[in-house]
Trainee: 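One structure follows; several queries about it will come next.
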Amino acid sequence: MKNFYLTTAIDYANGSPHIGHAYEKVLADAIIRSRRMEGVNCHFLTGLDEHGQKVQETATQRGMAPQDLCDLVAQDFQKLCSRLSIAYDDYVRTTQLRHRTVVQSMLLRLHAAGEIYKAPYRGLYSTRAERFVLERERVDGKWPDDIGDVVELEEENYFFKLSRYQGWLVEFLQKNVNFIIPSFRQRQVVEFLKEPLNDLCISRPKARLRWGIELPFDAGYVTYVWFDALVNYISAVGYGREDFFRNWPADLHVIGKDILVPAHAVYWPIILHAAGVELPKQILAHGWWLAKGGEKMSKSLGNVVKPLDYIDLYGPDAFRYFVLREMAVGQDSNFSHELFTARYQGDLANDLGNLLSRLVHMVRCYADGRFPTAWPAGPEELQLQNRATETIRLVRAFYQSLEFSSALGEIFSLLQETNRYAERRAPWKLAKRASCERELETALASMGEALRIAAILLTPAIPTAAQEILRQLGLPAVSNWLDLAWSNALDGKVVGEGTILFPRVEEAGALSPL
RNA sequence: CGCAGGAUGGAGCAGCUUGGUAGCUCGUCAGGCUCAUAACCUGAAGGUCGUUGGUUCAAAUCCAACUCCUGCACCCA
């Protein structure tokens with residue numbers, strides 16, 4: 001049986017992790033975890049793009065070998081993943097042998113098939129920036145300092161015959177209207193394809209760039225960017241091997257909207273098609289996190305969010321919850337300290353954490369720490385029970401269609417309903433009256449069952465906290481929700497030690513203002 | 001220029017495909033409760049749904065025009 005194969009974009013090794021990297025990993029991880037809860041076998045790939053001009057430059061500036069720099073950066077990114085509970089199965093690095101081999105075999109194959117040709121490239125070259133520059137990079141008619149003087153230069157390079165497949169791609173997109181989601185992104189691609197494509201320059205002479213994968217048919221060149229980076233999706237799962245098809249075609253590429261056009265929506269399908277490899281099934285282009293007020297985050301504005309700060313202070317689940325709850329997948333969203341703390345305090349600490357707290361406390365005080373058996377349900381219980389049943393149905397559907405914000409919204413509605421139920425039944429009052437034992441027992445059992453269901457449904461989004469809730473309810477972790485339904489699973493279970501799930505964070509000034 | 005997205009009570013959003021009393025979270029105000037992380041519950045105030053025009057018995061929702069914000073192949077999720 002083929003795995004559900006999901007990839008993220010691979011991060012570029014010239015830089016440190018920011019909220020965009022963190023978000024993409026969380027989104028991908030939540031998708032994977034929700035599929036696993038549905039009982040689907042999955043393969044989850046992420047990784048690092050290590051070649052290129054910038055990495056070479058940065059390494060030189062720091063007086064390091066490029067590979068050593070990449071090793072350090074890889075550690076940073078893997079640490080971010082581990083701090084965010086990202087359950088990837090494989091981490092690909094483009095300097096790995098398994099990757100280089102596949103890139104070269106792809107290039108060789110396409111070269112032999114006549115899809116790659118050599119041609120002169122003429123353009124304006126900046127010696128200082130060591131690259132070709134474009135007229136539109138001029139500022140007020142002058143070249144900026146980092147570019148300096150430019151000269152017209154002609155250079156031989158290799159080109160991939162992208163343009164000949166333009167018609168094919170347009171037709172493909174017409175036939176596969178759900179290839180790119182959200183759908184308006186696919187419309188953008190179609191629009192882009194109304195202009196004629198140029199062939200894709202895929203090489204750099206080693207005189208200018210050494211840090212790359214050598215062209216198998218010309219040792220004077222390395223391949224540049226896309227033929228290197230995109231190929232990770234197939235190199236990592238063993239393109240050319242028998243077991244390649246256990247994973248390929250990928251079910252979903254999760255990427256940011258910035259690398260949809262042209263890289264993933266144009267170059268990648270055409271590269272695969274030209275090489276005779278099946279296309280991925282779907283591409284999800286997510287939006288960007290904007291700073292307060294909808295400004296773009298940038299170092300110069302000083303409004304960049306460092307995800308690790310939030311993770312350190314509030315925990316990985318709080319970060320995961322915020323980004324999944326706040327962003328409608330595909331759209332842009334704002335990230336601000338105010339919005340974050342509102343979600344943390346209002347949803348996680350008050351609605352969820354406090355509900356668990358009060359319930360565990362009551363079970364301990366009124367039932368000797370053991371969940372009682374529910375008596376036949378009254379109207380209040382039926383209302384809660386119906387609500388929970390409906391929530392299970394809705395949430396599974398929302399996860400399936402990648403509507404995480406809506407899924408989480410539903411779960412928290414159930415939690416609010418449970419808080420309301422507690423208020424109506426008031427177990428603390430029942431406990432003080434004799435002859436109300438049945439009502440008390442039913443109330444505690446019902447609250448516990450609602451919370452159990454909520455916790456299981458929360459697993460893809462906040463795996464650690466979800467498991468902790470189950471532990472406090474006296475239950476083991478669950479690996480799928482195929483049979484999830486209102487039940488008596490809590491009967492007689494002994495509540496675990498109660499620790500505060502999402503403690504109030506008092507230090508308002510602990511983080512630098514955004 | 002063109003294309004795409006957005007414009008909904010103080011803030012952040014949903015609703016728009018398949019027109020029919022404008023919804024959610026936070027905030028504000030008043031009240032309740034006391035099992036709980038000063039938490040939980042109830043109620044209230046607050047919006048002519050960017051502008052103008054059209055279709056319709058009826059428009060946030062469909063159509064047209066316009067305004068403003070954002071993005072559009074160096075890099076960047």
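This is a predicted model, so every value here is computed, not measured.
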Trainee: Is the centre of the A:H264 ring less than 6.0 Å from the centre of the A:Y233 ring?
Mentor: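 Yes - the distance between ring centres of A:H264 and A:Y233 falls below the 6.0 Å cut-off.
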
Trainee: May I ask you to check whether A:F340 and A:F322 place their ring centers less than 6.0 Å from one another?
Mentor: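 Ring centroids of A:F340 and A:F322 are less than 6.0 Å from each other.
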
Trainee: In whole angstrom, give me the gap between the C1' atoms of B:rU48 and B:rC26.
Mentor: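 25 Å, rounded to whole Å.
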
Trainee: Check this one for me: any side-chain N or O of A:Q416 less than 4.0 Å away from OP1 or OP2 of B:rU25?
Mentor: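 Yes.
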
Trainee: From the options B:rC41, B:rC76, B:rA4, select the nucleotide whose nearest atom is closest to the side chain of A:Q188.
Mentor: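 Per side-chain heavy atoms of A:Q188, the pick is B:rA4.
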
Trainee: If only side-chain N and O atoms of A:H21 are considered, is one of them under 4.0 Å from the OP1 or OP2 phosphate oxygen of B:rA77?
Mentor: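 For B:rA77, OP1/OP2 do have a side-chain N/O of A:H21 under 4.0 Å.
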
Trainee: Ignoring backbone atoms, establish whether A:K432 has a side-chain N or O less than 4.0 Å from OP1 or OP2 of B:rC35.
Mentor: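 Indeed, a polar side-chain atom of A:K432 lies that close.
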
Trainee: Taking the minimum atom-to-atom distance to the side chain of A:P262, which one of B:rA73, B:rU34, B:rU37 wins?
Mentor: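 The nucleotide sitting nearest to the side chain is B:rA73.
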
Trainee: If you measure from the ring centre of A:W288 to the centre of the six-membered ring in the base of B:rA77, is it under 5.5 Å, with the planes under 30° apart?
Mentor: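 Base of B:rA77: stacked against A:W288.
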
Trainee: From the list B:rU25, B:rC33, B:rU37, which nucleotide is the closest neighbour of the side chain of A:I500?
Mentor: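 Output: B:rU37.
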
Trainee: Measure from the side chain of A:H286, starting at C-beta and using heavy atoms only, and say which of B:rA77, B:rA73, B:rG5 lies closest.
Mentor: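 Side chain of A:H286 sits closest to B:rA77.
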
Trainee: Counting heavy atoms from C-beta on, name the nucleotide in B:rG12, B:rC35, B:rU42 closest to the side chain of A:N334.
Mentor: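 Shortest atom-to-atom distance from the side chain points to B:rG12.
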
Trainee: With a 4.0 Å limit, can you tell me whether A:R325 has a side-chain N or O closer than that to the phosphate oxygens OP1/OP2 of B:rG12?
Mentor: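 So the side-chain polar atoms of A:R325 never come under 4.0 Å of the phosphate oxygens OP1 or OP2 of B:rG12.
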
